[in-house]
Amino acid sequence: MKERLRQAIQAALQGCFDAGSLNSGIVPEVQIEVPGNPQHGDFSTNVAMMMARAEKKAPRQIAETLITALGEPNDFWQKVEIAGPGFINFTLAPTCWYQVLDRVASENVTFGRSEAGRGHKVQVEFVSANPTGPLHIGHGRGAATGDAVAAVLEATGYEVQREYYINDAGNQINTLGRSLLLRYRELQGETVAFPEDCYQGDYIVDLAREVLEAEGNRLLEMPETEAVNWFGTFGGDRILTGIDADLQAFGISMDHWFSEKSLFDNGAVKEGLAQLAERGLSFEQDGATWFRTTEFGDDKDRVLVRSNGETTYFASDVAYHMEKLSRGFETIIDVWGADHHGYVPRMKAVFSGLGYSPETLQVILVQLVNLLRGGEQVAMSTRSGEFVTLREVVDEVGRDACRFFFLMRRSDSQLDFDLELAKQQSTENPVYYVQYAHARVCSINRNATEQGVALPGPGEADLTRLSLDEELALAKLLARYPETLLGAARHYEPHRVIFYLQELAAQFHSYYNREKVLVEDAAISQARLALVNAVRTVVRNALELLGVSAPERM
RNA sequence: GGCCCCGUAGCUCAGCUGGAUAGAGCACUCGCCUCCUAAGCGAGGGGCCACAGGUUCGAAUCCUGUCGGGGCCGCCA
């Protein structure tokens, strides 16, 4: 609708130039926005003000000329006004808006989707927690965010892959192996000093017990390094399986799991390093190999190979991202915890160094989650193993509330997650508020069926019977859903969908309280059923993207 | 010391590529179920958009500086 208006304006402008009523010949990009104040119409453009300088005329005068060129009101726009310093406000004909309801009905599950990103391959890498312990609440936010970003991109036509990067090569796996081995010995009566740098959580003891039951004490015989390796591999596998299960329970399934270790096994790390050297991007100093990231905006050069010959995590990451690029993704999105933000410049430097635009890499930084219970902070410390796992939270508050809460804030602002609030079934809880809108429409539909009233199919209801302001306003809001999705996708901001949903639910609840849908007049009932079912469809479609269910009753 | 993020109502936060009178939820006060689900709705108070400059026809939004809060700065991952 916006596009159609834009074209009309552009055509009118061209007409003005051709006719000589405007003469700068400079056509600015026509910006159209939805005014905050409904009295200012449905759409508004500031072209006249933008052109004032080039035309050397007053904005209002330019607006005047432009309006004349636009011609008489028609079945598309109903009214054009010049307002304020030179805004041109358009009010569209109600029928335009009601057409949206038919579109929602006929497109149904695909309403809101678009082809904007068609032909673009995007990868979203998220969670990627070390396989050394269960997912905790912070990972949950990253998971919800990454999945929603991926979903929103898919909905706008991008080809998306969800990937999990498994850090199974660094010395944290070694630490895991050591931790398990020590607990294993302990279970067999040995007194061991359990070091502080080992993983403290109870899950380590549980895993060790599992090994004891399955393998007996045969691992005691094994030479220490071999045993540590064995336990590291075993533990990593088991924990990763658990992580996958936790993600599944959270409604997330990865398309691809990528092992860091595989980059070593197939020589990708070595080859990557060789390529960097060849391109003159790395150099030797103090016995170590460095990436010249300072040449690309980083404030310090970074070590790739330590003087003891071991590669750094950074080296793996360079190789990993080279590998991603070779898979043909045009955009690579990494979802990281905000504590890694210092890592962004060096990773972007890698892209620049390799001849790619740094924009190819998009990093979404997810801020910490502050876990509360009834306003009281819940203590957490990974060190001591006292953390709240994602699984525990999902079990306690449910998947819907959990995912919704994680997405309620933009990812770069800290999030307070109150367990009590998330569980509450009250007006305070925004999850239920939105879901309730859906359930209410379903309830209306059930009543209609009971009364022998058939639900209108697409195009069947006489929508001109929707004569109330609230009805028009609802239709307009529904019409904005596709562009809301597009905005959320373009900016990687799924929270926009949440805010949209809350607004839509609010308008629906208000309407519901004011007007009855099923009334005496059958034609009006039909029209209203079409309207509220369009609301239902959009609520359901949007919730689906966010991984939240749309219950039919509550 | 360097760099990054943030500062909007009592609290938690939106504010789209700069636009017209800055919004929502919670909390607080008052009102609404003989009527499709009250997990709902309506009404009300509440603001120097941290501060000071600058750019612009126009700034919460962009730039600079100051103050305040948080974070990062390893040949760890």
Side-chain angles (χ1 to χ4, degrees), chain A residues 29 31 33-37 39-40 44 46 49-50 52-53 58-59 83-87 89 130 132 167 169-173 175 260 285-290 298-300 302-314 316-317 338-345 365 367-368 375 408-410 412-416 418 421 424-437 439-448 450-451 480 483-484 486-488 490-491 493 495-496 498-499 502-503 505-506 508-519 525 528-529 532 553-554:
Chain A
E29 199 194 328
Q31 292 181 24
E33 55 198 35
V34 180
N37 185 339
Q39 290 191 344
H40 294 135
S44 160
N46 58 1
M49 288 180 283
M50 306 265 298
R53 178 164 290 187
F87 288 102
N89 296 336
N130 287 346
T132 54
N167 295 122
N171 51 33
Q172 76 278 7
I173 290 294
T175 306
E260 177 187 3
Q285 190 186 309
D286 306 330
T289 308
W290 303 67
D298 198 4
D299 54 357
K300 225 191 251 183
R302 307 292 172 176
V303 173
L304 291 161
V305 185
R306 289 180 260 167
S307 49
N308 67 5
E310 285 175 34
T311 56
T312 59
Y313 178 77
F314 181 50
S316 300
D317 236 10
D339 52 337
H340 286 72
H341 87 263
Y343 210 77
V344 177
L365 294 173
Q367 278 284 357
L368 294 179
M408 263 181 1
R409 305 267 173 270
R410 29 184 314 158
D412 56 9
S413 77
Q414 283 200 14
L415 171 72
D416 286 336
D418 195 311
L421 177 60
Q424 253 175 58
Q425 306 197 349
S426 74
T427 86
E428 290 177 49
N429 195 331
V431 189
Y432 293 101
Y433 185 77
V434 172
Q435 289 181 320
Y436 189 40
R440 268 185 154 170
V441 178
C442 292
S443 170
I444 295 171
N445 289 344
R446 283 191 295 271
N447 280 301
E450 244 171 64
Q451 292 172 27
R480 261 172 41 205
E483 64 199 69
T484 301
L486 198 55
R490 290 250 156 92
H491 297 264
E493 290 183 343
H495 77 275
R496 293 186 189 202
I498 296 267
F499 279 89
Q502 296 192 81
E503 193 182 343
F508 167 75
H509 286 310
S510 173
Y511 175 66
Y512 176 93
N513 269 271
R514 234 173 141 122
E515 304 295 334
K516 243 174 100 80
V517 171
L518 302 171
V519 290
S525 290
R528 290 183 176 176
L529 277 170
V532 297
R553 25 181 121 231
M554 292 171 75

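Since the structure is predicted, the reported quantities are computational estimates derived from the model, not experimental observations. Within every chain, numbering begins at 1; the chains are lettered A, B, ... in the order of the sequence lines, protein sequences first and strands thereafter.
The two residues A:Gly86 and A:Pro59 come nearest to each other via the heavy atoms CA-CB, 4.3 Å. Minimum heavy-atom separation, A:Arg496 to A:Thr484: O-CG2, 3.9 Å.
For A:Asn171, whose side chain is taken as the heavy atoms from C-beta onward, the closest listed nucleotide among B:A77, B:C75, B:C16 is B:A77. In the set B:A38, B:G19, B:C36, B:C36 carries the atom at the smallest distance from any side-chain atom of A:Lys516. The listed nucleotides are B:A77, B:A20, B:C75; the one nearest the side chain of A:Tyr313 is B:A77. In the set B:C75, B:A77, B:C36, the nucleotide with an atom closest to the side chain of A:Tyr512 is B:C36. Of the listed nucleotides (B:A39, B:G74, B:C75), B:A39 has the atom at the smallest distance from the side chain of A:Met554. Looking at the side chain of A:His340, the nearest of the listed nucleotides B:A77, B:A38, B:C13 is B:A77. The listed nucleotides are B:U17, B:A77, B:A20; the one nearest the side chain of A:His491 is B:U17. Of the candidates B:U12, B:A77, B:A39, B:A77 carries the atom nearest the A:Asn130 side chain, counting heavy atoms from C-beta on. Comparing B:G74, B:C72, B:A38 by their closest approach to the side chain of A:Asp339 singles out B:C72.
Neither OP1 nor OP2 of B:G74 sits under 4.0 Å from any side-chain N or O of A:Thr312. Taking side-chain N and O atoms only, A:His509 has no distance below 4.0 Å to OP1 or OP2 of B:A39. Within the 4.0 Å cut-off from OP1 or OP2 of B:C41, at least one side-chain nitrogen or oxygen of A:Tyr433 is found. Side-chain N/O atoms of A:Arg480 include none lying less than 4.0 angstrom from OP1 or OP2 on B:C16. The side chain of A:Arg410 places an N or O atom within less than 4.0 Å of a non-bridging phosphate oxygen (OP1 or OP2) of B:G15. Taking side-chain N and O atoms only, A:Arg409 has no distance below 4.0 Å to OP1 or OP2 of B:G25.
One P atom belongs to B:C33, the other to B:A38, and the distance between them is 12 Å to the nearest Å. Only the P atoms considered, B:C49 is 12 Å distant from B:G10, to the nearest whole Å. B:C6 and B:U17 have their P atoms separated by 14 Å, given to the nearest Å. B:U12 and B:G2 have their P atoms separated by 30 Å, with the value rounded to a whole Å. The C1' atoms of B:C72 and B:A77 are separated by 15 Å, rounded to the nearest whole Å. The gap from the P atom of B:C5 to that of B:A14 amounts to 16 Å, rounded to the nearest Å. A gap of 45 Å separates the C1' atoms of B:G70 and B:C32, to the nearest Å. Comparing the P positions of B:C76 and B:G19 gives a spacing of 48 Å, expressed to the nearest Å.
Distance, A:Lys300 NZ to B:C4 P: 15 Å, rounded to whole Å. Rounded to a whole Å, the CG atom of A:Asn513 is 18 Å from the P atom of B:G31. The distance between atom OH of A:Tyr343 and atom P of B:G71, rounded to the nearest whole Å, is 22 Å. If you measure from atom NE2 of A:His341 to atom P of B:C6, you get 11 Å, rounded to the nearest angstrom. For the pair A:Glu493 CD and B:A14 P, the interatomic distance rounds to 9 Å; values are reported in whole Å.
For B:G2, its base never sits under 3.5 Å from the side chain of A:Asp299 at any donor and acceptor pair. Residue A:Asn89 places a side-chain atom within donor-acceptor reach of the base of B:A20, judged by atom type and a 3.5 Å distance cut-off alone. In the interface, the side chain of A:Ser316 is not paired with the base of B:A77 through any donor and acceptor atom under 3.5 Å apart. The base of B:C41 lies outside donor-acceptor range of the side chain of A:Ser510, with no N or O pair under 3.5 Å.
The side-chain contact (heavy atoms from CB on, under 4.5 Å) with A:Leu415 is formed by just one residue from the set A:Gln367, A:Arg409, A:Arg410; it is A:Arg409.
Side-chain atoms of A:Asn308 come within 3.5 Å of backbone atoms of A:Glu310 as a donor-acceptor pair (strictly under, hydrogens ignored). A donor-acceptor pair under 3.5 Å is formed between the side chain of A:Gln172 and the backbone N or O of A:Asn167.
Pairing of B:C3, defined by two Watson-Crick or G-U wobble distances under 3.5 Å, is identified with B:G71. Here B:A60 sits opposite no nucleotide as a Watson-Crick or G-U wobble pair (both hydrogen-bonding atom distances under 3.5 Å). Pairing of B:C33, defined by two Watson-Crick or G-U wobble distances under 3.5 Å, is not identified with any nucleotide. Partner assigned to B:G47 is none, using Watson-Crick or G-U wobble distances below 3.5 angstrom. Look at B:U55: it lacks any Watson-Crick or wobble partner with both distances under 3.5 angstrom. Within the shown strands, nothing qualifies as a pairing partner of B:A20 under the Watson-Crick or G-U definition with both distances less than 3.5 Å.
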Evaluation steps, side-chain contact (heavy atoms from CB on, under 4.5 Å), between A:Leu518 and A:Asn447:
CA-CA 8 Å; A:Leu518 302 171; A:Asn447 280 301; 3.9 Å; yes
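Applying the 90° criterion around 0 to the glycosidic angle, B:C4 comes out anti.
No side-chain heavy atom of A:Asp317 sits less than 4.5 Å from a side-chain heavy atom of A:Thr312.
Ring orientation note: the planes of A:Tyr512 and A:Phe508 are tilted relative to one another, at an angle of 30° to 60°.
When each of A:Gln502 and A:Glu260 is assigned the nucleotide of RNA chain B bearing its nearest heavy atom, the one mapping closer to the 5' terminus is A:Gln502.
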